[in-house]
Amino acid sequence: MKKRVFLNASAAAVLAMCSAAVMAQDNTFKIGLIVPMTGQQASTGRQIEAAARLYMAENGNMVAGKKIELIVKDDTSIPDVTKRLAQELVVNDKVNVLAGFGITPSALAVAPIATQSKTPQVVMAAATSSITQASPYIVRTSFTLPQASVSMADWAPKNGIKKVVTLVSDYGPGIDAEKFFKERFIFNGGTVIDTLRVPMRNPDFAPFLQKVRDANPDGLFVFVPSGAGAAVMKQFLERGMDKAGIKLIGTGDITDDDQLNDMGDGALGVVTSHHYSAAHPSPANKKFVDAFQKANKGMRPNFMAVGGYDGMRVIYEALKASKGQGGGDGLLAAMKGQLFESPRGPMFIDAQTRDVVQNIYLRKVQKQNGQLYNVEFDVIKDVKDPGKTK
Ligand code: VNL
């Protein structure tokens, strides 16, 4: 009799455990974060992962009764790898959201998977305008190159830079930067003497910079992806191009907060246009930067980190609003139209385009507390992606 009671009790316990396991599975909400953690874009993955973990530490891992699980995968910035990882995450892990995407080709490689599986794809880094048109399930929390570039094309000719050469990485975001800078710059009365494109992988900037030096423009407009800016800056200075009177300008990718403080005083005075600076003077940003540095051995967050942090916010709030109902479509609907204060300033997910509308700041590299920062001195408010109106 005693034995039988024991058996029954243990059977009940096993049953309870089983259903707890099933429940736990049902109650898990999985985010598959695919980023480059190694290779040329490793800093992008490091920044985004750190920011995603910070967001979770600050906001807990229970949302709408579900336990959030973050699955991080390294795609080494190879689009075929990104695609395979996304497939595995959707089919095997049954993730609820795909997120990350360090470079444009990786974001584009996953778009068909997002569409077929009706899985929201939150692009936290890649910034070619057309990405959001590759799938109705893509939502972007980073920026677009047209968005950042036109503001520089408005600022430069008013500030003595009338003849420029452009130098961009030869792929999606670089071509966007070149096109939108050039069009607006010429519209504003400027002259583009030459448009140079450097290979995206293992670029050698030297021969291109020599060409620029010989052309002797007022300014050199540069776009290179996050992680490559320091190399351009070094060679620009080594060639004495600043001393020759050529002003280095560009989108903020070149004075990336991840590298800026190590670029040396030669970077002082460089003006760029971008959506995020670690020096953005708002209480929300101070709190973000302090918490990020505290959690990451003093690492300064860059614009990739803020894209990751805000991307997590968009996912959390969508899950809350849809109460975990409605699957991918329910989530997507709740991502559209989100309006909130980011560490970068106000930001908005345009419901029509699923792209980010945000302020673009003009910033100058200056010293604050002995460190180099992009110090904001002007703002163009609520900029929509100019690439979408074409
Ligand atoms: C892209 C755009 C990548 C801007 C970046 O860094 C960047 C992209 C990795 O769309 O590939 O700063």
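Just follow the structure's listing: the first ligand is 1, and inside any ligand the first atom is 1. Numbers here are sequence positions counted from 1. The structure presented is a predicted model; accordingly, all values stated were derived computationally and were not measured.
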Hey, is the main chain of [Y] close enough, under 3.5 Å, to the side chain of [X] for a donor-acceptor pair?
X: Thr104; Y: Gly172; result: no
X: Thr191; Y: Ile193; result: no
X: Gln147; Y: His275; result: no
X: Arg300; Y: Asn261; result: no
X: Gln358; Y: Ser142; result: yes

Atoms in ligand 1 with a heavy atom of [X] nearer than 4.0 Å:
X: Phe303; answer: 12 (O)
X: Tyr171; answer: 1 (C), 3 (C), 8 (C), 11 (O)
X: Gln41; answer: 9 (C)
X: Ala126; answer: 8 (C), 10 (O)
X: Thr44; answer: 9 (C)
X: Met304; answer: 5 (C), 6 (O), 7 (C), 9 (C), 12 (O)

Heavy atom under 4.0 Å from ligand 1: found in [X]'s side chain, backbone, both, or neither?
X: Ser226; result: both
X: Ile103; result: both
X: Phe223; result: side chain

Selected option - heavy-atom contact closest to atom 7 (C) of ligand 1, from Asn302, Leu108, Asp253: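 Closest candidate by heavy-atom distance is Asp253.
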Identity of the nearest option to atom 3 (C) of ligand 1, non-hydrogen atoms only, from Ala148, Pro173, Gly102, Gly227: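 Nearest heavy atom to atom 3 (C) of ligand 1 lies in Gly102.
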Taking atom 10 (O) of ligand 1 as the reference point, the nearest protein heavy atom with its distance: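 Result for atom 10 (O) of ligand 1: Thr104 OG1, 2.5 Å.
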Pair Ser77, Gln41: side-chain N/O donor-acceptor within cut-off below 3.5 Å: yes
Donor on one side chain, acceptor on other, Tyr276 and Asn285, under 3.5 Å: yes
N or O pair under 3.5 Å between Ala127 and ligand 1: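 Yes: some nitrogen or oxygen of Ala127 is under 3.5 Å from one in ligand 1.
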Mutual orientation of the aromatic rings belonging to Phe185 and Phe181 [parallel < 30°, tilted 30-60°, perpendicular > 60°]: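 Aromatic pair Phe185/Phe181 classed parallel.
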Ionic contact status for Arg363 with Asp378, cut-off 4.0 Å: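 No, no charged N to carboxylate O under 4.0 Å.
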